[in-house]
Amino acid sequence: MLDLKFLRENREVVIKGAEAKGIDINLDPIIEADDRRKALIQEGDNLKSRRNQVSAQVGKLKKEGKDASSVIAEMESVKTRIQEIDSEMREVEKNLTALLLTIPNIPHTSVPIGKTPADNKEIFRWGEIIKPDFPMKPHWDLTDKFEIVDFSRGSKVTGAGFPFYVGKGALLERALINFFLDHAGQRGYKEIAPPIIVNEDSARGTGQIPDKEDLMYVVERDQFYMIPTAEVSVTNFHRDENLNESDLPVKYAAYTPCFRREAGSYGKDVRGLNRLHQFDKVELVKFVHPLKSYDELELLREDAERVLQLLGLPYHTLLMCTGDMGFTQAKKYDLEVWAPGQQKWLEVSSCSNFESFQARRMNIKFRPDNGGKPEFVHTLNGSGLALPRVVAALIEHYQTPEGKIIIPKVLQQYTKFEVIG
RNA sequence: GGAGAGCUGGCUGAGUGGUCGAAAGCGGCGGUCUUGAAAACCGUUAUAGCCUCCGGGCUAUCGGGGGUUCGAAUCCCUCGCUCUCCGCCA
């Protein structure tokens with residue numbers, strides 16, 4: 001969420017930002033609620049001050065053995081009024097927070113204005129899109145042929161979108177996880193293995209609730225949420241904490257399964273590994289100094305891109321336009337890998353700077369080295385990478401005319417085999 | 001799952017209804033001393049909100065949330081967490 005003071009003093013900026021994202025907002029109810037809140041605070045604090053004075057007086061009188069009943073009687077109405085104010089305050093603040101949570105983060109000035117994915121800017125392209133002299137198959141043909149991903153048994157055991165990885169498919173999955181984690185480790189990310197179920201506070205912290213509740217599987221009985229990305233657990237790792245400025249940037253890499261209900265997205269992209277309800281992902285998360293967050297975003301993007309380069313998979317990098325970037329981000333890049341068997345780009349990573357939007361919600365600050373007041377950190381995260389689509393692109397890209405799949409060199413030390421088929 | 005004990009400032013740890021935002025110690029910061037350092041001594045050391053004639057004033061915060069009371073770290077309820085014992089278990 002945005003800072004209330006900032007919002008009050010920069011109403012135009014906030015409105016324009018939301019507009020660019022295609023979100024309609026109305027700041028008036030927020031200002032009104034905040035005005036009411038301030039009025040209540042003032043009245044309440046004055047009465048409480050009075051109450052504290054009188055209470056001290058009562059204490060003194062009692063100590064001296066004198067009668068205090070007249071003073072106590074006088075406090076009756078004050079007490080009642082304080083209770084009224086406190087109870088209204090609860091309502092007003094609850095309402096104010098709810099309203100504030102409907103205001104999206106403001107896009108960075110470098111973000112192109114736009115409405116649809118067509119307005120995203122391709123800023124980088126890597127690798128050559130191969131034009132083979134044989135018909136390339138989509139990955140689901142190959143995973144079926146080699147029985148390395150079992151979709152139908154997944155449907156039987158759980159449901160659509162919960163495949164089994166079998167034999168070399170499972171080994172390939174594990175190899176990629178290890179490769180991604182090792183690479184992140186070399187780039188200075190500390191590895192952590194987080195919980196994959198979180199409580200309500202954590203889900204709220206990263207913004208999954210209230211607005212994206214439908215995205216998640218909910219463990220209703222215990223009021224827990226299955227994480228849709230490791231971002232949720234890992235960013236909440238430091239919730240309600242003060243970091244030291246000298247420790248910044250704090251960088252983590254985490255492998256987790258991710259769970260997404262994908263409600264409403266049926267019909268498109270459902271073949272094979274393109275869209276699943278459960279998938280593996282290595283996530284990169286950073287807590288950084290506010291002045292360095294945009295430099296850190298570029299580094300994060302490069303860290304995500306590098307593994308695609310090492311795997312030899314052609315990809316391109318998109319700078320997301322204002323209309324396609326989401327509620328909480330200030331700037332976001334998407335990496336899309338080329339899947340030749342399907343002749344299309346598949347999103348495998350999304351690298352975002354949230355500035356202080358999440359940190360404010362989660363109360364994550366850093367204490368400046370010079371001893372100044374704690375300030376909110378900036379948070380960033382990016383996939384490094386999401387597995388199923390990488391597997392899809394890899395299988396399609398490295399298929400041979402004979403219908404085999406070659407494992408790229410860099411992965412062979414992890415898979416311990418060189419070819420499937 | 002059952003029984004019990006706890007949760008206090010960066011840390012250790014006092015405090016069971018009346019100036020307690022909270023003793024003391026440790027740590028941190030500043031200073032004196034010293035060629036420098038250590039030791040010793042002195043001082044300082046939370047966060048947030050509201051108001052401000054920008055000097056400051058007020059309020060809240062002792063795991064979270066409610067309540068009792070003129071007044072709550074202290075009493076009651078509730079939730080969470082930690083520890084001990086029992087049961088169960090990868």
Would you kindly give the CG-to-C1' distance between A/D86 and B/rG49, to the nearest whole Å?
-> 14 Å
Please state whether the rings of A/F357 and A/F327 are parallel, tilted or perpendicular, taking 30° and 60° as the class boundaries.
-> perpendicular
Taking the C1' atom of each, how far is B/rG65 from B/rC7, in whole Å?
-> 16 Å
Once you round it to whole Å, what is the distance between C1' of B/rC50 and CG of A/L47?
-> 14 Å
A/R36 CZ to B/rC50 P, straight-line distance once rounded to whole Å = 16 Å
Expressed in whole Å, how much space separates the P atoms belonging to B/rC26 and B/rG13?
-> 15 Å
Which part of the nucleic acid, if any, lies within reach of A/N52 when heavy atoms closer than 4.0 Å are counted: base, sugar-phosphate only, or nothing?
-> sugar-phosphate
Provide, to the nearest angstrom, the distance between the NZ atom belonging to A/K94 and the C1' atom belonging to B/rG64.
-> 16 Å
Calculate, to the nearest 0.5 Å, the distance between atoms NE2 and NZ belonging to A/H378 and A/K292 respectively.
-> 13.0 Å
pair_partner(B/rA60), Watson-Crick or wobble, both distances < 3.5 Å, evaluates to B/rU47
Any side-chain heavy atom of A/H183 within less than 4.5 Å of one from A/R187?
-> yes
Do NZ/NE/NH1/NH2 and the carboxylate oxygens of A/R174 and A/D280 come within less than 4.0 Å?
-> no
In whole angstrom, give me the gap between the P atoms of B/rU16 and B/rC75.
-> 9 Å
If you measure from the P atom in B/rU44 to the same atom in B/rA23, how many Å do you get, rounded?
-> 13 Å
Nearest-nucleotide 5' precedence on RNA chain B, A/I41 against A/N46 | A/I41
B/rU68 C1' sits how many Å from A/E76 CD, rounded?
-> 14 Å
Pairing partner of B/rU12 (Watson-Crick or G-U wobble, both distances under 3.5 Å) | B/rA24
Using the C1' atom in both, what is the distance from B/rU52 to B/rC58, to the nearest Å?
-> 11 Å
Closest-nucleotide ordering on RNA chain B, the 5'-leading residue of A/P374 and A/I72 | A/P374
When rounded to whole Å, the CD to C1' distance for the pair A/E93 and B/rU59 reads 13 Å
Listing time: all N or O pairs from protein to nucleotides 16-22 of chain B that are below 3.5 Å?
unit_1 : atom_1 : unit_2 : atom_2 : d
B/rG18 : N2     : A/S55  : O      : 2.9

Under 3.5 Å on both distances, the Watson-Crick or G-U partner of B/rC75 | B/rG67
Between P of B/rA48 and CZ of A/R37, the distance in whole Å | 14 Å
Applying the 3.5 Å cut-off to both distances, the Watson-Crick or G-U partner of B/rG4 turns out to be B/rC83
A/R367 side-chain N/O to B/rU47 phosphate OP1/OP2 under 4.0 Å = yes
Distance check: side-chain N/O of A/K48 vs OP1/OP2 of B/rU59, anything under 4.0 Å?
-> no
Salt bridge between A/E396 and A/K137, side-chain N to carboxylate O under 4.0 Å?
-> no
If the C1' atom of B/rU8 is compared with that of B/rA72, how far apart are they to the nearest Å?
-> 14 Å
Salt-bridge criterion met for A/E32 and A/R36 (N-O under 4.0 Å) = no
Residue A/R90, side-chain heavy atoms: nucleotide from B/rG66, B/rU59, B/rA60 that is nearest = B/rG66
Hey, does A/Q83 reach any base, or is it just sugar-phosphate, or nothing, if we go heavy atoms under 4.0 Å?
-> sugar-phosphate
Is the backbone of A/T328 close enough, under 3.5 Å, to the side chain of A/N105 for a donor and an acceptor to pair up by distance?
-> yes
How would you label the glycosidic angle of B/rG67: syn (within 90° of 0) or anti?
-> anti
Expressed as a whole number of Å, how far does the C1' atom of B/rG80 sit from that of B/rG18?
-> 31 Å
Taking a pair as Watson-Crick or G-U wobble with both distances under 3.5 Å, which nucleotide is matched to B/rA40?
-> B/rU32
If you check every side-chain atom of A/D45, which of B/rC58, B/rA60, B/rU69 has the closest atom?
-> B/rC58
Under 30°, 30 to 60°, or over 60°: which ring-plane class applies to A/F259 and A/Y217, parallel, tilted or perpendicular?
-> perpendicular
Starting at CZ of A/R90, measure out to CD1 of A/I85 and round the result to the nearest 0.5 Å.
-> 12.0 Å
Could you tell me the separation between the CZ atom of A/R50 and the C1' atom of B/rC50, rounded to a whole number of Å?
-> 20 Å
Sort out the partner of B/rC54 for me: Watson-Crick or G-U wobble, both distances under 3.5 Å, none otherwise.
-> none
Answer yes or no: is there a donor N or O on one side and an acceptor on the other, between the side chain of A/S55 and the main chain of A/R51, under 3.5 Å?
-> yes
Distance, P atom - from B/rC88 to B/rC77, rounded to whole angstrom = 32 Å
